[in-house]
**Q** 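Supplied in structure tokens, the structure appears directly below.
Note that the numbering runs from 1 along the sequence shown for the chain. The model shown is predicted, which means the values in this text are computed figures rather than measured ones.
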Amino acid sequence: MRVLLVEDDEPVAESLRRGLVRYGFTVRWVTTGAAALAATEPYDLVLLDLGLPDTDGLDVCRVLRGRGDVPIIVISARSDETDRVVGLEIGADDYVSKPFGVREVIARIRAVMRRVRPRAHEPAGPDRYGARLTVDRKAARVRLDGAEVALTPKEYDLLAFLTEEPGALMSREQIMEAVWDANWFGPTKTLDVHVAALRRKLAGAVVIEAVRGVGFRLVVDEGLGGATA
């Protein structure tokens, strides 16, 4: 995912940039509102500070929203309720007050993207993965060879997350934050249990590969038969 980070405080921006990159994001960092408005390359989300040296971040937010529907998360030391309300009213999708942790920002990004994706894909039907598996994100249903697969809520959430980017390696930390809780600090054995359940229920359609010490990647079997995990 490509993120435009608009922040003039170098220590804050560098810490946030490193954290985002560690979680697999591609980050373009600019320090002024003018640079943000002049950015021409495509990006999937904007992290926007309000206290910019050349203009008010609220004005930047207003212009960006007028140009399109790219998700915008305001990050600011302004904790006043008026700023929060104004930011949301002019088109920001969320508002995070400083100081914040990278984990909180990641969780907010994932929450915002989950909200906007259904709008972006509304005309589409169930997503197909290979010849055998479909995931209907609107109805939260999974079918294998046309028959519905009985998944627990967390099994479904895990499969939906892994199938967002088939083939991409997802760390345990990324998965736990996305599927369980951004503040999860306990053991991740529950993740292994749910992966094992998906492997059993979807055998032959997808392979969930374990990368020791890192995490998991989901690989779609494009054929009709019997791959095992």
**Q** Identify, with sequence neighbours excluded, every residue that meets side-chain contact (heavy atoms from CB on, under 4.5 Å) alongside Leu169.
**A**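 If we apply the side-chain contact (heavy atoms from CB on, under 4.5 Å) test to Leu169, skipping adjacent residues, the hits are Val211, Val214, Arg217.
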**Q** Where do Val135 and Leu159 land on the side-chain contact (heavy atoms from CB on, under 4.5 Å) test, with the steps shown first?
**A** CA-CA 9 Å; Val135 178; Leu159 178 64; 4.2 Å; yes
**Q** Check side-chain contact (heavy atoms from CB on, under 4.5 Å) between Arg18 and all other residues, then give those that pass, not counting sequence neighbours.
**A**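 So Arg18 forms a side-chain contact (heavy atoms from CB on, under 4.5 Å) with Glu14, Ser15.
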**Q** Whether the side chain of Lys201 engages the backbone of Ala150 through a donor-acceptor N/O pair (distance < 3.5 Å, no angle test) should be reported.
**A**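 The answer is yes, because a donor-acceptor pair under 3.5 Å joins these two groups.
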**Q** Under the side-chain hydrogen bond (donor to acceptor under 3.5 Å, both in side chains) test, which residues partner Arg2, sequence neighbours left out?
**A**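 Arg2: side-chain hydrogen bond (donor to acceptor under 3.5 Å, both in side chains) contacts with Asp44.
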**Q** side-chain hydrogen bond (donor to acceptor under 3.5 Å, both in side chains) with Arg62: which residues, sequence neighbours excluded?
**A**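 In terms of side-chain hydrogen bond (donor to acceptor under 3.5 Å, both in side chains), with neighbours along the sequence ignored, Arg62 is linked to Asp59.
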**Q** Quick one: side-chain hydrogen bond (donor to acceptor under 3.5 Å, both in side chains) partners of Thr134, sequence neighbours excluded?
**A**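 In terms of side-chain hydrogen bond (donor to acceptor under 3.5 Å, both in side chains), with neighbours along the sequence ignored, Thr134 is linked to no residue.
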**Q** Other residues, nucleotides and ligands only: do more than 12 of their heavy atoms fall within 6.0 Å of CD on Glu209?
**A**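 Correct, the count exceeds 12.
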**Q** With a 4.5 Å heavy-atom cut-off, do Asp49 and Val6 have their side chains touching?
**A**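 Contact flag for Asp49/Val6 side chains = no.
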**Q** Would you say that Leu58 contacts Val74 through its side chain, given a criterion of any heavy-atom pair below 4.5 Å between the two side chains?
**A**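 No, every pair of side-chain atoms sits at 4.5 Å or beyond.
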**Q** Return the set of residues passing side-chain hydrogen bond (donor to acceptor under 3.5 Å, both in side chains) with Thr32 (not counting sequence neighbours), or none when no residue passes.
**A**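 Here no residue qualifies.
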**Q** Side-chain contact test, heavy atoms from C-beta onward, threshold under 4.5 Å: evaluate it for Arg137 versus Thr163 and give yes or no.
**A**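 Arg137 vs Thr163: side chains touch.
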**Q** Can any side-chain N or O of Arg141 pair as donor or acceptor with the backbone N or O of Pro126 at less than 3.5 Å?
**A**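 No; zero donor-acceptor contacts below 3.5 Å.
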**Q** Report yes if the side chains of Met113 and Leu45 come closer than 4.5 Å at any heavy-atom pair, otherwise no.
**A**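 Met113 reaches Leu45 side chain to side chain.
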**Q** Can a donor-acceptor pair be found, under 3.5 Å and without considering hydrogens, that links the side chain of Lys98 to the backbone of Ile75?
**A**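 Not a single qualifying donor-acceptor pair exists.
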**Q** Taking only residues two or more places apart in sequence or in another chain, which ones pass side-chain contact (heavy atoms from CB on, under 4.5 Å) with Arg28?
**A**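 For Arg28 the side-chain contact (heavy atoms from CB on, under 4.5 Å) partners, ignoring immediate neighbours, are Leu4, Val30, Ala39, Glu41.
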**Q** For the pair Asp93 (side chain) and Ile72 (backbone), establish whether a donor and an acceptor sit closer than 3.5 Å, ignoring hydrogens and angles.
**A**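 At least one qualifying donor-acceptor pair exists.
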**Q** Salt bridge (Lys or Arg N to Asp or Glu O under 4.0 Å) with Arg128: which residues, sequence neighbours excluded?
**A**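 Arg128: no salt bridge (Lys or Arg N to Asp or Glu O under 4.0 Å) contacts found.
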**Q** Heavy atoms, side chains only, cut-off 4.5 Å: are Ile73 and Leu48 in contact?
**A**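 They are not in side-chain contact.
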**Q** Using side-chain contact (heavy atoms from CB on, under 4.5 Å), reason through Tyr43 and Val3 one step at a time and then give a plain yes or no.
**A** CA-CA 6 Å; Tyr43 43 83; Val3 174; over 6 Å; no
**Q** Before giving the answer on side-chain contact (heavy atoms from CB on, under 4.5 Å), spell out for Leu198 and Phe216 the whole-Å C-alpha distance, their side-chain angles and the decisive distance to 0.1 Å.
**A** CA-CA 12 Å; Leu198 286 181; Phe216 297 91; over 6 Å; no
**Q** Is there a side-chain contact between Leu47 and Leu20 in this structure, where contact means two heavy atoms from C-beta onward sitting under 4.5 Å apart?
**A**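 A side-chain contact under 4.5 Å exists here.
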**Q** Asp54: what forms a salt bridge (Lys or Arg N to Asp or Glu O under 4.0 Å) with it, not counting sequence neighbours?
**A**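 If we apply the salt bridge (Lys or Arg N to Asp or Glu O under 4.0 Å) test to Asp54, skipping adjacent residues, there are no hits.
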**Q** Can a donor-acceptor pair be found, under 3.5 Å and without considering hydrogens, that links the side chain of Trp29 to the backbone of Ala13?
**A**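 Side chain of Trp29 to backbone of Ala13, a donor-acceptor pair under 3.5 Å: no, none is there.
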**Q** Checking side-chain contact (heavy atoms from CB on, under 4.5 Å) for the pair Arg172/Leu191: CA distance, chi angles, key distance, verdict?
**A** CA-CA 8 Å; Arg172 284 177 171 271; Leu191 172 56; 4.0 Å; yes
**Q** Partners of Pro11 by side-chain contact (heavy atoms from CB on, under 4.5 Å), sequence neighbours excluded?
**A**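 In terms of side-chain contact (heavy atoms from CB on, under 4.5 Å), with neighbours along the sequence ignored, Pro11 is linked to Asp9.
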**Q** Could you check whether any side-chain N or O of Arg65 sits under 3.5 Å from a backbone N or O of Gly68, counting only pairs where one atom can act as donor and the other as acceptor?
**A**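 Yes, because the side chain of Arg65 sits within donor-acceptor range (under 3.5 Å) of the backbone of Gly68.
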**Q** So Met1 and Ile109, do their side chains get closer than 4.5 Å, heavy atoms only?
**A**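 Counting from C-beta outward, Ile109 and Met1 do come under 4.5 Å.
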